[in-house]
Amino acid sequence: VDVRVRATSTNATALATHWLAAYSPAGADVTATAPVKYAVLVDVDASYVASGAASVRFRLTSHRAETYDFVLFASSTVADDDGVDAPDVERAEEIARSDAVAIDGALSPMWPRVTLPPGWAGASARVAWQSGRNASHGATLSYRVIDDDVGGDVVRARATTSTYDARDLCGGVAAGFGYRHPGFVHAADVVAPPGAVVEYYISDDVDAARTRYEMTMPVAEDPDASMTIAMFADMGRGSDDDSFTWDSYGRPALNVSGALSADARDGKINAAFLFGDLSYAVGYASVWDEWASQIQNWTSRVPFLTNMGNHELDAPPDAWLGAPDRVPDVFGG
């Protein structure tokens, strides 16, 4: 969406402090909830300090809320870890708020990623995805093996469903200012021959399967087998609009995702292993959603394996909520 701002002030010093934040759902308490994205207006359009007018492009994704709105703030900024001007939200003054924008399909199944089930022994894979609907809505994976456009029988696998809430987190921003309910994670297994190409659909009792996805099963385990794994770490989340995700890291992540998408589509990789510091969400749950949207073009095609890095694992001991059995790691987190 394009959000247009026109200020009544002509004070260039004041205009230089203006920034625009996207909230989901609309009407969210700005003192209790982090914005999903933000844009400093003079960084989007340097002429804003003279004209008092700017247009900001936001690419919106689902956070399992059916509305967004936009809040114009004034405050100083500080450089974040990317050298990006990040607003000082604690000292921000709210100037104006937009009407709500409705988001279609906000609760629908989305962001499939291919993984491997625990104890994987070949001839299977697992597809996981998210939605805003719990287990009572019958999340289902439908799939079939395809070979030169001649497919096998369709298999419908009922998914298992899980979730978590703030009580499961280690306190701090993750359980407070950065928290939002993650919705529900659904997962179902695919059983097919090694190396087979499989088409699949994700659905529930509200949303019929509409989007076709295609994945390639892991290769067979064999002394003469060959495979290619993309291995990398410290990925982060990028933006291709005028905004940054909250507490942003890493626009270059878009280049990583673009390259992996092309390699997965062209059959150049059999799997991807991101071994730590995945989204750099650092406690802000909305960034995990933005990241899941960013990576789905390749995670939906080949098995995607991950490991925790310090940005997923660390929390200060005084933030651990009633969990005396937790012990520090080797870094003291």
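Worth knowing before you read on, the calculation uses all heavy atoms, side chains too, and leaves out hydrogens, waters and symmetry mates. Not measured: the values here are computed from a predicted model.
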Exercise for review: Apply the test side-chain contact (heavy atoms from CB on, under 4.5 Å) to residues Trp288 and Leu278: give CA-CA distance (whole Å), side-chain angles for both, the deciding distance (0.1 Å), then the verdict.
Suggested key: CA-CA 9 Å; Trp288 282 110; Leu278 280 62; 4.0 Å; yes
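- For the residue pair Ser286 / Trp246, no side-chain donor-acceptor distance below 3.5 Å is found, with atom types taken as modelled.
- Looking at His186 and Thr161, their side chains do bring a donor and an acceptor atom within 3.5 Å of each other.
- Listed for the Ser131 side chain is no donor-acceptor partner under 3.5 Å among the backbone atoms of Ser108.
- Between the CZ atom in Arg237 and the OG atom in Ser279 there is a gap of 10.0 Å [rounded to 0.5 Å].
- If you take CD on Glu66 and CD1 on Ile103, they are separated by 10.0 Å, rounding to the nearest 0.5 Å.
- Screening Val36, Val173, Thr245 against Tyr284 for a side chain to side chain contact (heavy atoms under 4.5 Å, CB included) leaves a single residue, Val173.
- At most 12 non-hydrogen atoms from other residues, nucleotides or ligands lie less than 6.0 angstrom from CD of Glu221.
- Below 30°, between 30° and 60°, or above 60°: for Phe70 and Phe58 the angle between ring planes is between 30° and 60°, a tilted geometry.
- With a 4.5 Å cut-off on side-chain heavy atoms, Ser124 and Asp189 do not count as touching.
- Alongside Leu305, the hydrophobic cluster contains Leu116, Trp120, Val219, Met227, Ile229, Met231, Phe273, Phe275 (criterion: ILVMFWY side chains under 4.5 Å).
- Here the side chains of Val197 and Val145 are not in contact, with every heavy-atom distance at 4.5 Å or above.
- Ser24 places none of its side-chain heavy atoms less than 4.5 Å from the side chain of Arg64.
- No salt bridge links Asp205 with Arg133; every basic N to acidic carboxylate O contact stays at or beyond 4.0 Å.
- The CZ atom of Arg59 lies 11.5 Å from the CG atom of Asp242; values are rounded to the nearest 0.5 Å.
- For Asp266, the CG atom is densely surrounded, since the number of other residues' heavy atoms within 6.0 Å is greater than 12.
- Between Pro303 and Val114, some side-chain heavy-atom pair lies under the 4.5 Å cut-off.
- Hydrophobic clustering places Tyr38 together with Tyr48 (ILVMFWY residues linked when any side-chain heavy atoms are closer than 4.5 Å, directly or through intermediates).
- Between the side chain of Tyr143 and the backbone N or O of Val191, at least one donor-acceptor pair lies under 3.5 Å.
- Counting heavy atoms from C-beta outward, Gln294 and Ser257 have side chains that approach closer than 4.5 Å.
- Put simply, NZ on Lys37 and CG on Leu60 are 7.0 Å apart, with the number rounded to the nearest 0.5 Å.
- Apart from Trp111 itself, the hydrophobic cluster it occupies contains Met110, where clustering links Ile, Leu, Val, Met, Phe, Trp and Tyr at side-chain heavy-atom distances under 4.5 Å.
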Practice item. Please report the C-alpha distance between Val30 and Arg97 in whole Å, then the side-chain angles of each, then the deciding distance to 0.1 Å, and finally whether the side-chain contact (heavy atoms from CB on, under 4.5 Å) criterion is met. Key: CA-CA 11 Å; Val30 301; Arg97 193 160 200 160; 3.9 Å; yes
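- Inter-residue side-chain proximity for Met215 and Val302 is flagged as unmet; no heavy-atom pair is nearer than 4.5 Å.
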Exercise for review: Test side-chain contact (heavy atoms from CB on, under 4.5 Å) on Ser203 and Thr140 and set out the steps.
Suggested key: CA-CA 5 Å; Ser203 62; Thr140 300; 4.0 Å; yes
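- Linking ILVMFWY residues whenever their side-chain heavy atoms come closer than 4.5 Å, directly or via other members, places Tyr23 and Phe177 in the same cluster.
- Side chain of Glu93 to backbone of Phe73: no donor-acceptor contact under 3.5 angstrom is found.
- Judged purely by distance below 3.5 Å, without hydrogens or angles, the side chains of Asp69 and Ser98 never pair a donor atom with an acceptor atom.
- Taking hydrophobic clusters as Ile, Leu, Val, Met, Phe, Trp and Tyr residues chained together by side-chain heavy-atom distances below 4.5 Å, Trp291 does not share a cluster with Val185.
- The backbone N or O of Gly183 lies less than 3.5 Å from a partner atom in the side chain of Thr163, making a donor-acceptor pair.
- A chain of hydrophobic side-chain contacts below 4.5 Å, direct or via other Ile, Leu, Val, Met, Phe, Trp or Tyr residues, connects Leu15 to Val3.
- Put simply, CZ on Arg180 and OG1 on Thr33 are 7.0 Å apart, with the number rounded to the nearest 0.5 Å.
- Ion pairing between Arg57 and Asp2 fails under the 4.0 Å rule for side-chain N and carboxylate O.
- Side chain to side chain, Gln296 and Arg301 fail the donor-acceptor criterion of an N or O pair below 3.5 Å.
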Review point. Run the side-chain contact (heavy atoms from CB on, under 4.5 Å) check on Ile269 and Leu260 step by step: do they pass?
Key: CA-CA 8 Å; Ile269 57 174; Leu260 287 164; 4.1 Å; yes
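- Linking ILVMFWY side-chain heavy atoms closer than 4.5 Å, directly or via other members, places Val154 and Tyr200 in two distinct hydrophobic clusters.
- Ile95 has its side chain within reach of His18: a pair of non-hydrogen atoms, C-beta onward, lies under 4.5 Å apart.
- We find the CG-CG distance between Leu41 and Leu72 to be 6.0 Å, quoted to the nearest 0.5 Å.
- Judged by distance alone, the side chain of Glu312 and the main-chain N or O of Asp277 form a donor-acceptor pair under 3.5 Å.
- Under 3.5 Å, the side chains of Asp165 and Tyr179 contain no donor-acceptor pair of N or O atoms.
- Formation of a donor-acceptor pair under 3.5 Å by the Ser239 side chain with backbone atoms of Asp241 is not found in this model.
- Enclosure of atom CZ in Arg6 is not indicated, since only 12 or fewer non-hydrogen atoms of other residues, nucleotides or ligands lie within 6.0 angstrom.
- A 4.5 Å side-chain heavy-atom check between Leu107 and Val206 finds every atom pair outside the cut-off.
- Cation-pi contact between Arg144 and Tyr201: absent, since separation from the ring centre below 6.0 Å together with deviation from the ring axis within 45° is not met.
- With no hydrogens or angles considered, a side-chain donor-acceptor pair links Asn134 and Ser136 at under 3.5 Å.
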